[in-house]
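Just the heavy atoms: all of them, side chains too, but no hydrogens, waters or symmetry mates, feed the values below. Lettering of chains follows the sequences in order, A, B, ..., and the numbering in each one begins at 1. The structure displayed is predicted, hence computed values, not measured ones.
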2 protein chains.
Amino acid sequence: MSKKEELLKAAELKVRSGGYNNFSFRELATEVGIKSASVHYHFPTKSDLGAALAHQYTEEFLKALGDPDELYAAGKNPIDVYINLFRKALVKDKKMCLCGLLGAESDSLPDKVLIETKLFFERNIAWLTQAHTVIAPDNKEAAKRNAIKTIAILEGVMLISKTLDDNQIFEEAILGLGN
Amino acid sequence: MSKKEELLKAAELKVRSGGYNNFSFRELATEVGIKSASVHYHFPTKSDLGAALAHQYTEEFLKALGDPDELYAAGKNPIDVYINLFRKALVKDKKMCLCGLLGAESDSLPDKVLIETKLFFERNIAWLTQAHTVIAPDNKEAAKRNAIKTIAILEGVMLISKTLDDNQIFEEAILGLGN
DNA sequence: CAAGAACTATCTACTGATAGGTAGCTTAAC
DNA sequence: GTTAAGCTACCTATCAGTAGATAGTTCTTG
């Protein structure tokens with residue numbers, strides 16, 4: 001893993017724990033074993049790093065999901081696949097969704113970072129709309145509404161489960177969601 | 001309004017825009033017209049201020065809601081009352097829920113602040129459980145599950161509506177929630 | 001009722017730590 | 001001999017927090 005990739009991984013953990021202001025170039029540099037001035041070589045400013053982070057997170061998220069139509073064709077419920085990706089973030093990583101946290105702070109985010117955070121939600125809503133459409137093709141006008149409900153409940157319950165340190169809350173909230 | 005109250009109000013806006021790290025004693029002091037050292041007179045440390053902020057927010061939130069049983073007796077749907085309080089925060093204040101934001105950052109919060117943030121969610125889930133119980137008394141085992149779903153979807157959609165700067169997303173997500 | 005003690009709310013001046021960012025040098029690889 | 005990737009050394013700004021002084025108010029008590 002290159003230093004640049006190491007920096008992004010270290011920053012991801014920090015941001016997913018406490019938001020955009022929760023990491024500094026000095027901390028990141030120490031963690032990956034370089035000097036803070038060298039971080040500016042890879043990312044000219046902090047907002048460049050933040051934007052790259054949100055962009056990479058979105059790409060990896062959607063890549064991990066796959067295509068809703070193909071999932072359905074393979075006999076899987078794409079909504080369950082989606083839920084499982086959030087469950088993994090909560091249970092395995094024990095961290096918030098990166099863009100969930102950034103979104104909550106959207107009022108105070110640099111433009112570059114905000115743009116990438118918006119793209120995360122737009123692309124996720126599009127994915128979920130397609131997922132709901134393939135499950136219930138006769139109900140197209142409701143697909144987007146259900147997409148919004150699905151991502152809202154997942155971001156929300158993630159935040160609450162983490163705060164109360166109780167994964168059972170997550171499980172209760174998602175009951176009946178994949179229908 | 002006392003300086004102490006002014007400080008809490010100023011801090012609330014900052015935190016609801018960008019989280020716990022988004023305010024400083026200096027900024028707050030300047031805004032209310034005193035020196036930063038004087039802020040320490042009212043709140044010995046930053047975490048004391050943060051805890052007081054979350055506590056006051058919770059108290060005011062529950063006070064604004066009223067009692068679910070009384071609301072129901074007065075012919076109102078308490079879930080609709082609850083939704084309206086979130087709608088007001090989003091549309092009028094144009095800000096996130098304070099404890100929603102703090103909860104997202106819970107991993108990096110000082111203990112004092114975390115305790116108050118947890119209390120917000122515990123008390124809100126209790127309120128919503130009672131609200132769902134009074135609406136559907138024969139369905140008690142589902143009341144807590146519905147309470148979790150309700151607050152999760154509201155915190156989640158608030159975050160997403162704010163990020164995408166689109167209040168219509170909020171309205172779509174809450175359709176059918178008050179039944 | 002008046003003297004003095006204690007308290008409230010503020011100030012100035014400071015500390016040590018940390019922040020993001022910049023200029024210019026070095027080193028190694030191609 | 002250019003470039004990538006790092007370095008040292010520095011800058012200015014800001015951070016939370018502390019010490020000690022002060023003016024005005026309130027409480028206590030002789």
(message) Can you tell whether the side chains of B:Glu6 and B:Lys9 come within less than 4.0 Å, N to carboxylate O?
(response) no
(request) Report the residues that fulfil side chain to side chain donor-acceptor pair (under 3.5 Å) with B:Lys94, sequence neighbours left out, ordered by chain and then residue number. (result) none
(request) Identify, with sequence neighbours excluded, every residue that meets side chain to side chain donor-acceptor pair (under 3.5 Å) alongside A:Glu116. (result) A:His55
(request) For A:Tyr20, check ring pair (Phe, Tyr, Trp, His ring centres under 6.0 Å) against everything at least two apart and list the hits. (result) A:Phe23
(request) Sort and list the pairs that fulfil salt bridge (charged side-chain N to carboxylate O under 4.0 Å, His left out) and have at least one residue in residues 98-108 of chain B, not counting sequence neighbours. (result) A:Lys162-B:Asp107
(request) Please answer whether the main-chain N or O of A:Leu53 pairs with a side-chain N or O of A:Gln56 as donor and acceptor at a distance below 3.5 Å. (result) no
(request) Anything under 30° is parallel, anything over 60° is perpendicular, the rest tilted; go ahead and classify A:Phe120 against A:Phe61. (result) perpendicular
(request) State plainly whether the residues B:Lys63 and B:Glu60 are in salt-bridge range, i.e. N to O under 4.0 Å. (result) no
Polar-atom pairs under 3.5 Å, protein N or O versus N or O of nucleotides 1-5 of chain D: list them with distances, or write none.
from: D:dA5; atom 1: OP2; to: A:Tyr41; atom 2: OH; distance (Å): 2.9

(request) Mind listing the residues from residues 7-22 of chain A sitting with a heavy atom below 4.0 Å of DNA chain C? Number order is fine. (result) none
(message) Going by side chain to side chain donor-acceptor pair (under 3.5 Å), name the residues that satisfy it together with B:Lys14, two or more places apart in sequence or in a different chain.
(response) B:Glu31
Mind listing the N/O atom pairs, protein and nucleotides 21-24 of chain C, below 3.5 Å?
from: C:dG21; atom 1: OP2; to: A:Lys46; atom 2: N; distance (Å): 2.9
from: C:dG21; atom 1: N7; to: A:His40; atom 2: NE2; distance (Å): 3.4

(message) Once salt bridge (charged side-chain N to carboxylate O under 4.0 Å, His left out) is applied, what residue pairs with a partner in residues 142-156 of chain A remain, sequence neighbours excluded?
(response) none
(request) Check ring pair (Phe, Tyr, Trp, His ring centres under 6.0 Å) between A:His40 and all other residues, then give those that pass, not counting sequence neighbours. (result) A:Phe25
(message) Show me the pairs that pass side chain to side chain donor-acceptor pair (under 3.5 Å) and involve residues 64-85 of chain B, at least two apart or across chains.
(response) B:Asp69-B:Gln130, B:Tyr82-B:Asn124, B:Asn84-B:Arg87
(message) Protein within reach of the bases, or only the backbone? For nucleotides 25-30 of chain C, mark each nucleotide 5' to 3' as B, S or -, using heavy atoms under 4.0 Å.
(response) ------
(message) Mind checking if B:Ser24 touches a base, just sugar-phosphate, or nothing, with heavy atoms under 4.0 Å?
(response) sugar-phosphate
